[in-house]
Amino acid sequence: MLAVLVANCMAGEVRDWTSKDGRTIRGELIGLNADGVKLKLAGGKVVDVPYGMLSAQDAAHAQEAGAEIIPDWNGWPKELRMNLSDVRITVDEERSKNGLTYYLTEHFELKSEVELGSQVRLDVGRIFELTHRLMQASPWGIMASPDGGRFKAELYKTRQSYVAAGAPTWSGGVYMGDRKVFMVPVESLGLTDSKSGYRRNEDFSLDTVVHEITHMLMADALQYLPIAVTEGIAEYISHIPLSLGAFKPPSVLGKIKDASKRRKPLAFETLLGMTASQWAGTKPVPRAPGGTGPSQQPVDPHSKSEQYHGSLLLAYHLMHGLDGGEPHRLRKLVYRAHAKAKKREAQFRQYDDDFAVYEKAIAEFMKLPGVKDMGEEGFTYPADLTPPEAPELPFGEETDEEMELWDMDVIFSGESPAAFAREMAEKLEAAGISLHAGL
């Protein structure tokens with residue numbers, strides 16, 4: 001395993017590595033392991049530096065090399081509360097024009113087709129910031145880097161304008177991975193128009209909003225996660241009870257039990273083998289960095305309900321039903337996916353840099369005597385010249401089937417999918433969760 005990691009990391013790079021307390025050591029990165037980086041010092045000595053000792057910048061650099069860094073987690077808090085007085089939201093007056101208003105919170109930019117009164121904008125800002133706070137306290141934290149420093153959301157006045165902007169017709173909100181934006185009609189925020197302006201119904205369910213914000217805050221890890229885990233995590237987070245400005249994670253089981261009285265899950269063994277294309281009813285396509293796979297309208301709302309509910313129960317089992325009730329396997333899977341995504345981003349950046357150098361070299365080569373541009377047929381050149389070689393892609397064009405399910409054995413831990421599914425069903429029913437709603 002170490003040999004594989006060494007072959008795939010940024011081996012040969014000599015740099016200064018800094019610890020959290022500011023001390024530095026200069027060494028060549030020669031490998032990664034589960035606990036830290038392996039560095040070769042100037043005199044030839046090889047030392048192991050634990051990830052936990054590295055500065056945040058160097059830990060991020062190790063992640064780009066493919067390191068799977070899993071920090072400590074102290075469990076869910078009993079409650080996560082945010083009062084309206086704690087919300088900081090302003091209007092970007094310079095950009096607010098032509099019927100659009102830009103609202104800025106600490107972590108989000110909300111581009112809105114409707115103008116919100118001071119109290120309502122605080123309430124909406126709290127929805128986003130409190131979900132961010134919940135995700136920070138989750139077993140994996142925030143796993144996305146927003147462009148420009150803030151995560152982007154677009155609030156639409158009507159469902160018609162929402163769908164016209166490219167959102168699926170069946171959805172109440174959607175995170176668009178290619179654009180890195182969460183799209184939502186204001187009705188999904190519980191907002192209704194009145195003579196005195198927009199008002200928010202405090203009793204309105206925000207499950208869809210929290211679900212999609214969860215996707216947005218985990219975007220950098222989604223590419224390498226099985227779709228059932230991706231959707232299951234978002235379903236689990238959205239089922240944490242939210243009332244009067246407070247999330248209460250320990251009460252999630254009660255809400256899942258209530259949902260299970262009305263919904264039946266997809267067969268677990270089928271769910272565990274699903275890919276994004278099967279989930280969405282599309283054909284597999286090659287993935288781009290940061291993408292979340294194809295998304296189309298569901299063929300059958302009933303089957304979609306089974307898929308989403310099955311993923312919710314899978315996430316609950318991974319959070320509470322294994323390893324003494326600790327989410328060790330789920331955390332390992334998520335952090336591994338994040339490490340792979342960061343490494344691939346680094347590979348893309350390096351490839352872009354190498355290709356830019358190649359383009360300059362080709363431009364100079366084409367100026368040499370005897371070199372002729374043949375258009376679409378390429379070019380000819382004298383036998384005594386050697387043209388520059390284009391850099392090779394550091395990866396293939398894998399489909400979602402090849403990428404999503406690679407690490408499922410982290411979850412199965414040596415069991416067969418069938419055995420895992422049977423054990424999962426037994427433990428869920430032991431926890432009082434019905435698997436047979438409507439039967």
Side-chain angles (χ1 to χ4, degrees), residues 143 166-179 182-183 207-239 256 259-260 263-319 330 333-334 336-337 340-341 397-412 417-418 420-421 424-425 435:
M143 287 203 158
T169 56
W170 50 267
S171 65
V174 63
Y175 173 65
M176 307 295 279
D178 55 344
R179 295 176 52 214
F182 168 42
M183 303 169 63
D207 289 0
T208 296
V209 174
V210 174
H211 179 111
E212 298 300 331
I213 294 176
T214 298
H215 283 328
M216 181 161 61
L217 300 181
M218 291 188 67
D220 290 352
L222 301 184
Q223 186 178 5
Y224 289 96
L225 284 177
I227 188 66
V229 173
T230 293
E231 296 299 341
I233 287 173
E235 282 288 280
Y236 180 96
I237 297 296
S238 70
H239 277 71
I256 292 175
S260 297
R263 302 167 67 189
K264 187 180 72 167
L266 183 70
F268 294 141
E269 189 172 356
T270 300
L271 184 77
L272 293 166
M274 288 189 79
T275 64
S277 61
Q278 292 169 335
W279 182 282
T282 65
K283 294 181 179 180
V285 297
R287 293 289 190 90
T292 57
S295 178
Q296 292 186 356
Q297 297 182 24
V299 177
D300 175 18
H302 178 72
S303 65
K304 284 298 167 189
S305 175
E306 290 188 348
Q307 289 174 199
Y308 278 104
H309 191 60
S311 71
L312 167 65
L313 300 189
L314 171 62
Y316 181 83
H317 180 62
L318 294 175
M319 284 289 297
L330 180 56
L333 183 69
V334 172
R336 178 169 296 184
K340 286 184 174 183
E397 289 191 344
E398 300 92 346
T399 64
D400 53 9
E401 278 82 355
E402 295 168 318
M403 296 171 68
E404 294 168 14
L405 303 177
W406 278 341
D407 294 317
M408 280 299 285
D409 194 56
V410 171
I411 297 296
F412 296 146
F420 183 90
M424 175 177 160
L435 304 181

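No experiment lies behind these values; they were computed from the predicted model shown. Hydrogens, waters and symmetry mates are skipped; everything else that's a heavy atom, side chains included, is used.
Partners of F268 under the ring pair (Phe, Tyr, Trp, His ring centres under 6.0 Å) rule, at least two apart in sequence or in another chain, do not exist in this structure.
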Exercise. Step by step, would you call F420 with H317 a side-chain contact (heavy atoms from CB on, under 4.5 Å)?
Worked result: CA-CA 11 Å; F420 183 90; H317 180 62; 3.8 Å; yes
Exercise. Y224 and D407: side-chain contact (heavy atoms from CB on, under 4.5 Å), yes or no, with the steps?
Worked result: CA-CA 9 Å; Y224 289 96; D407 294 317; 5.6 Å; no
Problem set entry | From CA spacing to verdict: side chain to side chain donor-acceptor pair (under 3.5 Å), T230, H215 | CA-CA 8 Å; T230 293; H215 283 328; over 6 Å; no
Exercise. Would L314 and L272 satisfy side-chain contact (heavy atoms from CB on, under 4.5 Å), going step by step from the backbone distance to the final call?
Worked result: CA-CA 9 Å; L314 171 62; L272 293 166; 3.9 Å; yes
For this session: Take S238 and T214, measure what side-chain contact (heavy atoms from CB on, under 4.5 Å) needs, and give me the verdict at the end.
Result: CA-CA 8 Å; S238 70; T214 298; over 6 Å; no
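Side-chain atoms of P265 and L271, non-hydrogen and from C-beta on, never get closer than 4.5 Å to each other.
With rounding to the nearest 0.5 Å, the separation of NZ in K264 from CG in L435 is 11.0 Å. For the atom pair CD1 (I213) and OG1 (T208), the distance works out to 11.0 Å, reported to the nearest 0.5 Å. The CD1 atom of I411 lies 5.5 Å from the CG atom of L330; values are rounded to the nearest 0.5 Å. Note that CG of L313 is 6.0 Å distant from CE of M424, once rounded to the nearest 0.5 Å. From I256, atom CD1 reaches atom CZ of R263 across 10.5 Å, with rounding to the nearest 0.5 Å.
Taking every heavy atom of both residues into account, A337 and A221 meet most closely at CB-O, 3.5 Å. Across every non-hydrogen atom of M176 and G166, the tightest pair is CE-O, 3.9 Å. Closest approach of S311 and A228 over heavy atoms only: CB-O, 3.3 Å. Looking at every heavy atom in both residues, P226 comes nearest to L333 through CD-CD2, 4.1 Å. The heavy-atom pair separating E235 from H239 by the smallest distance is O-ND1, 2.8 Å. What you find for M218 and I233 is that their closest heavy atoms are SD-CG2, 3.6 Å.
Side chains of H211 and E231: a donor-acceptor N/O pair is present below 3.5 angstrom, by distance only.
A donor-acceptor distance shorter than 3.5 angstrom exists from the side chain of E212 to the backbone of Y175, with no hydrogens or angles considered.
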